[in-house]
Amino acid sequence: MEGKELLDTFGIYINKISDMEYRDELLKVLVPMQHEVENAAFSEDENMDEMEDMDMTM
């Protein structure tokens, strides 16, 4: 595979990958990491919404 692109990403996600066996193994590790990032991002958004709600009531 010398000189060929193995992997291209879009942020924390795989965009293109040329080795499907590698992809299968990578996803076992990558998907849980992606879920952690997504959960952290959504919990931050919820916390921001709660803070905005509190500011409006004061």
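Residues take their numbers from the sequence shown, with the count starting at 1.
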Report yes if the side chains of I17 and D8 come closer than 4.5 Å at any heavy-atom pair, otherwise no.
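Side-chain contact under 4.5 Å: no.
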Among Ile, Leu, Val, Met, Phe, Trp and Tyr joined by side-chain contacts under 4.5 Å, find the other residues sharing a cluster with F10 and list them by chain and number.
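ILVMFWY cluster around F10 holds nothing else.
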For the side chain of S18 and the backbone of E5, is there at least one donor-acceptor N/O pair under 3.5 Å apart?
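Answer holds: yes.
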Distance (rounded to the nearest 0.5 Å) between T9 OG1 and N15 CG
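If I round to the nearest 0.5 Å, the distance is 7.5 Å.
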Which pairs of donor and acceptor atoms, one on a side chain in residues 27-42, lie under 3.5 Å apart (sequence neighbours left out)?
residue	atom	partner	partner atom	Å
K28	NZ	E25	OE2	3.0
Q34	NE2	I12	O	2.7
E38	OE2	Y13	OH	2.4
N39	ND2	H35	O	3.2

